Each structure stands twice: as structure tokens, then as C-alpha cells.
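The structure appears right after this line, and notes come after that.
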Amino acid sequence: MTARPLELQSAIGFSGQVKSGLMLHPSDKYIIYSLGSTVVIRNVEDQTDQTFLQAHTQRVTCMAISKDGNRLATGQIQHMGYLADAIIWDVSGLWDGGSQPNLLHKLSLHKVMVQSLAFSASGEYLASIGGEDDNNLVIWSVEEGLAICGSPASHDVAFAVKWLNCSDTTLVTGGAAQLRVWDFDVANRKVRPTECNMGRERRSYTCIAVSDDDAAIYVGTSTGDIAKVDTLSKRLVQMGPRKRVEMGVQSIVFNHKDGELIVGSGAGQLVCVSAALERLGAGREGTVQGCVTSIALDQLGEFFFAGTDQSNMYLVPVDAVDQADLKGTAHYNQINDVAFPAGYSELFATCGGAEIRVWHGRSTNELMRVQVPNLECNCLAFPRDGTAILSGWSDGKIRSFGPQSGNLKYVINEAHQLTGVGNSSGGVVPKNGVTSICPTHDGKKLVSGGADGKVRVWAVSKGQQVMLASMQEHKGPISSIVVNEDDSMCVSASADGSCIVWQLAGMMPYVRQSALFAANFFKAAVYGPQESQLLTCGTDRKITYWDVTNMQPIRILDGSETAEVNTLAISAQDPGFFVSGGSDKKVVVWNYDEGSEYYEGSAHSGAVAKVVIAPDEKTIISVGTEGAVCIWTAPTDVA
């Protein structure tokens, strides 16, 4: 039985590190941005109206849209030694909401990475530049999807390419200490460079803007100033502004409305500069969070969207740049965990890097953010009464925060040792400190696991937190802990190839009751319906059912054909379904009794780190190492 596609409701995420990775469609109705290897087209008014373009195999590195808004080009990175694709999409349906975007051509010539893309004035040609391993400039025919001609882009490395506004035969490239104007000879299929005479100025040119009448080329540099070059003589006219922007010019746009430049810096500055390269002063400068990697101006030149490398999107009025309005935000590094409060499906929390974020499920808005600088949050959980957000951190501490205020309630210091023992926990970077956390259902105890292989039980209240027991039998980091319904037992899964069932109550509490062993880094263990069986997954790519009484395997499923299975979530109904996610980037829905795969969801461009099923079982949420949160519609015909 072939799995059907799982329906994706919406996705939260934005790869802000991509240069010019946030664009506004000329209709001013849609913003286009990348999320890992996926390209998202989102309605400006409605966050949940999203279209996903999926054809890239690795993360997207550059994007461009034609002036008429009918063609979109995206480029990607690839493994060393392989050719990286640039893809041309037909997005003409965005004007009238008609046809869905579709793939027109795959362009494969550049090695390893496509650095920058640009459409010509008429949209007839596309220019692309390869990364530092390739460094070629190639001109393509958009209609045919074939290369017309190419040339090495520079002696060193090229960063940006831009066509003139009124010509299909002239384009500009900027790179390390080199600025070139190229003449494109269509008849002879040649492209010929002319070096710009920059005098004694040596710069690394990062981004390019061209004035409306093509008289001047404005080039941003990594030192924070702008070079103005005359297009005809190809000579440097002037450098400015006198007070440079901090940490280099990372994005630059020419505003046709009043002939000014809008500049974004590496330090998060947004600065309006006149055509004579002078700052325009009060009200025309502002700061945002993170390095400004993209500026997308509307057709009238009154507003622009700014995207930063901390995955923030701002809407900024041109006349009042200091009044930037935060329109969207997301995790900008890998997400480690996601959790719902018990019995409440409207909200969920995610953790990644130094942050915990609480989201509203339907509107996908961020409601609250908790930050602990310079640490990493490995895991989080809600107690049954929902009065706290419990989290485990890479410094070995357990922190509890208020769910509405985000204020710190208490800290358990040295909950686990910092150094991981035995084999690493399977990932590229072994997690350190507290790696797993699970409160009991009565809310009085907390069970935690760490990179030191210890499982510890804590009695927690607002006033004090006392360790009741420390159980050390695992030889590797603990990857998951789950407590059964009556709080009498818990199961810990570890990277040492064992899962152990611990007694938490009764005559002999806090001892091992039983254990199971396999040649496997266990990533997750969950109780099946009625708690008579256990489900485990790990690096052997199998999903295994175990009998709780004698710890023998009952059934073994192939969870993935290519990569490890990282996470499991099981529905409360019986007979029910369960969901798995793995490093093959897929979210799979299984029938529990049959052990058959019913649905498969593909939207992530990194490994799926965690999946959870909402308490009302209407949605499934998955988080990935590329920083995306995907919200799926839970199927009703599996159980």
C-alpha cells in the first residue's frame, strides 16, 4: 500500500540568512521567501495562505523575480563535487490567483553552489553566478532553459550580479576587490567584461543597486560605505556616506519614488541615503534585530519589507524608517523540542538555541519568547496543570518559567553533569547537560535525563526542589523519558542501546524493573495503547513493538529506508495511530494495529527532530533542524 500525501496546513519559518531571500511580488499581494530547501509564497494579509514550492534537494541560497512578476528563479547549495541546480518557476498565476506555480526549467552548470541570480530588464535572460568553488557567470535563456554563454566572473570570488534597468545587454557583477560591467553580445553568444576604474579604493563588493535611468551604479561594500560608479565611463564618482554603516552594507535598494537609496547593514541598521551618498538624518534611520539580508520595496516606493538573519520580517514605511513593525518571526537555528499543554490544542511551545517560544496554533503568531543567552535549550515540557514551562538546558540546569509572563520561577542547579559519557547521542553535535524531561501526571514529581546517562527524580514545588533519587545504569546520553498514566513507572531510552523501565512507586521505588537491549542508538520510546507494549525507534531505521512484561520484540517495522528515525508520537485513542519523523525529512502516519504506513508528509528540508499530536488529535506538529515548524492536518481514516 503506497502512502498518501499528508496535508500541510501551514509552516512557521524563514531562512533569513539567504541574501535577498525575502522578496515582494510586483502585485504587492505576496511575499516570497525560502525556508530551508522549500520556497514559500505567502499572502501579505493572511499568514495562513501559503503555497510551497518544493524541488530543491538542499537549502536555497539565492532568489530573484522578474520585473513582470511572471518568473521566479531560485538557486541552491549542493555537496562538494556535485552540480548545484538553479530552478525557474512560472508564478504568473499570482496576478489573478489563477494557476498554481509550476517548475519550468532546472539549470545545472554551477559546481557546489549558486551564489546570486538576476533577471534582465525584459525577463528574457537570467544571469547566475557560482560560489567560490565555481565562480562562473552564466547567461541563460528563460524561455528555453538553456545556457547561452558563460565566463569566469572574477579573479577571486563574486558575490552579486545585477542587470541594468533599461538594457538587456549590460550587467554588473561585484566581488572581492573587483567590480565589472559586462556587455552581453547575443548574436555572437559572448559576454565581455570591463573593469571599473575604482582609483585607489580597494573594497569587497557585497550588493548592487542601479539608478532608474541607468546613469549610476551604487555598490555596497563590506566596510560599510557605498561606491557610486558612472555607467558610461565605468569610473568611480564618489564614496560615501562619511559616517559608514556598521558591519558592512549587506543589502541595498534604489527607491525610484524619490531617487534615494535604502541600505541595510550587518548590525541591523536601516539607513536612507541620498543619491549624493549623504545620510538623510532623523526619522530616516532605524535599527532592527539581526543583520539585514534583504530589502523588498513595494511598487509605489512607500513601504518595504526587511528580512534579517535572525529570521525576523519587518514592514517599514520609507518616510519613517525608525518605526519598523515586526510582521513575522521564527527560529533561526535548529529546533530541539515541541510540546502542547495538556488538553489544550490552541497553543504550543518550541525550543531551539537559546530560546523558548510559545505559538498560537491557528494564526501561527508568536505569543511569548524566553531567552537565556549563550546556552542551548535541549528539551521542554508542560506539567499537567499548565502552570509552568519546564525546560532542560545545555549548562546542566532545569529551569521553570511562567507560561504567560515568561518569568523565571525556579532553577535546579547541577541537575546533570555537563560531560556526555560513552558514545555520542547520534547527532552531529552531542547534546550536553539536561537532554530529556518529563513531569508526572500528578505534578508533584519531575523525571529528568542527562548527557551523563543518569535518570533523576525530583520532588518539585514552587518553594523547593529536592532530588529523590538518581538512577545510574545507562552508559550513554538519555534521549527520551516517558512516564506511564498512573505515575508508577517510567521508561528511559538511551544512546547506549538500552531502554530501561524504572519503578517510581510501590515498596521498592527508584530501581530498575526491566530493560531491553538492541544494537541501536535509541532515540525515543513511547507506551502503546493500554501500556502493554512499548514502541522504540533509533539509528537502526526500525520501529519496534516490545512486550512490556518480558521485554521481547513483537513486531519490527521499517521506519525509513535511508535514515535514522528520531521521534515517535502516539494518539490517545485505541486502536489508534502513531507518527514518526526521521533524518529522511519525512513525517509518516502509521496505523498502530496493522503497522502499515498510511500517510507521508514532505515539507522539511532538515532532519525531523520531534513530532507531537495535538490533544484534540486534529493536527500534528513537526519541528526540524532547519528551524521550520510544520503544522499538518491529522488524518481521520487511519485508526
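Please read these numbers as outputs of a predicted model, since none were measured by experiment.
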Which word best sums up how the rings of Trp393 and Phe401 line up, parallel for under 30°, tilted for 30 to 60°, or perpendicular for over 60°? perpendicular
Side chains of Tyr82 and Gln58 only: does a donor on one sit below 3.5 Å from an acceptor on the other? no
Are the side chain of Glu617 and the backbone of Ala572 linked by a donor-acceptor contact shorter than 3.5 Å? yes
Within the side chain of Thr539, is there an N or O that forms a donor-acceptor pair under 3.5 Å with the backbone of Phe521? yes
With distance as the sole test, does Ser571 use its side chain to make a donor-acceptor pair with the main-chain N or O of Gly576 at under 3.5 Å? no
Residues Arg4, Asp637: salt bridge by 4.0 Å N-O rule: yes
Within this structure, what is the OG1-CG distance for the pair Thr440 and Leu504, rounded to the nearest 0.5 Å? 8.0 Å
Counting only heavy atoms not in Lys327, do more than 12 sit closer than 6.0 Å to its NZ atom? no
I'd like to check Val501 versus Met551 (side-chain heavy atoms, cut-off strictly below 4.5 Å). Are they in contact? yes
d(Ile437 CD1, Asn378 CG) to nearest 0.5 Å is 10.5 Å
Would you kindly say whether Ser311 and His331 are connected by a side-chain donor-acceptor distance under 3.5 Å? no
Testing the basics here: between Arg399 and Asp395, what is the closest heavy-atom pair and its distance to 0.1 Å? NH2-OD2, 2.9 Å
Verify side-chain contact (heavy atoms from CB on, under 4.5 Å) between Leu557 and Tyr545, making sure each step is shown before the conclusion. CA-CA 8 Å; Leu557 308 175; Tyr545 294 60; 3.7 Å; yes
Apply the side-chain contact (heavy atoms from CB on, under 4.5 Å) test between Phe348 and each candidate in Ile621, Val623, Thr619; give the one that qualifies. Ile621
Have Asn336 and Gln334 got a donor and an acceptor in their side chains that come within less than 3.5 Å? yes
For Gln404, is the CD atom crowded, meaning more than 12 foreign heavy atoms sit under 6.0 Å from it? no
Find out whether Gln464 and Tyr410 are in side-chain contact, i.e. whether some heavy atom of one side chain is under 4.5 Å from a heavy atom of the other. no
Sub-4.5 Å side-chain heavy-atom contact between Phe522 and His474: no
With rounding to the nearest 0.5 Å, note down the distance linking CD1 in Ile620 to CD in Gln9. 10.0 Å
Can you tell me which residue among Ser514, Ser492, Ser494 is in a side-chain contact (heavy atoms from CB on, under 4.5 Å) with Ile500? Ser492
Exam field: side chain Asp452 to backbone His416, donor-acceptor pair closer than 3.5 Å: no
Side chain to side chain, Glu485 and Tyr527, heavy atoms closer than 4.5 Å: no
Please determine if Lys523 and Glu564 form a salt bridge, counting it only when a charged side-chain N lies under 4.0 Å from a carboxylate O. yes
Is a side-chain N or O of Thr293 found less than 3.5 angstrom from the main chain of Gly16, in a donor-acceptor match? yes
Apply the side-chain contact (heavy atoms from CB on, under 4.5 Å) test between Phe578 and each candidate in Asn591, Leu535, Val589; give the one that qualifies. Leu535
How about His441 and Asp487: does a side-chain donor come under 3.5 Å of a side-chain acceptor? yes
Would the number of heavy atoms belonging to other residues, nucleotides or ligands and lying under 6.0 Å from CE of Met247 be above 12? no
Beyond-backbone contact of Gln76 with Ser37, side-chain heavy atoms, under 4.5 angstrom: no
Between Arg42 and Asp49, is there a side-chain N and carboxylate O pair less than 4.0 Å apart? no
Looking at Asn374, I'd like to know if its CG atom is crowded, meaning that more than 12 non-hydrogen atoms belonging to other residues, nucleotides or ligands lie closer than 6.0 Å. no
Can you check whether Ala563's main-chain N or O pairs, donor with acceptor, with Ser583's side chain at less than 3.5 Å? no
For the CH2 atom of Trp590 and the CD atom of Glu597, what is their distance to the nearest 0.5 Å? 4.5 Å
Are the side chains of Met489 and Trp502 in contact, using a 4.5 Å heavy-atom criterion? no
Kindly compute the distance separating OG (Ser622) from NE2 (His604), expressed to the nearest 0.5 Å. 2.5 Å
Separation between CE (Met471) and CZ (Arg456), nearest 0.5 Å, reads 11.0 Å
State, yes or no, whether a side-chain contact exists between Cys630 and Leu8 at a heavy-atom distance under 4.5 Å. yes
Donor-acceptor contact below 3.5 Å, side chain Glu355 vs main chain Cys351: no
Are side-chain heavy atoms of Tyr592 and Gln573 found at a separation under 4.5 Å? no
Taking atom CD of Glu414 as the centre, report whether more than 12 heavy atoms of other residues, nucleotides or ligands fall under 6.0 Å from it. no
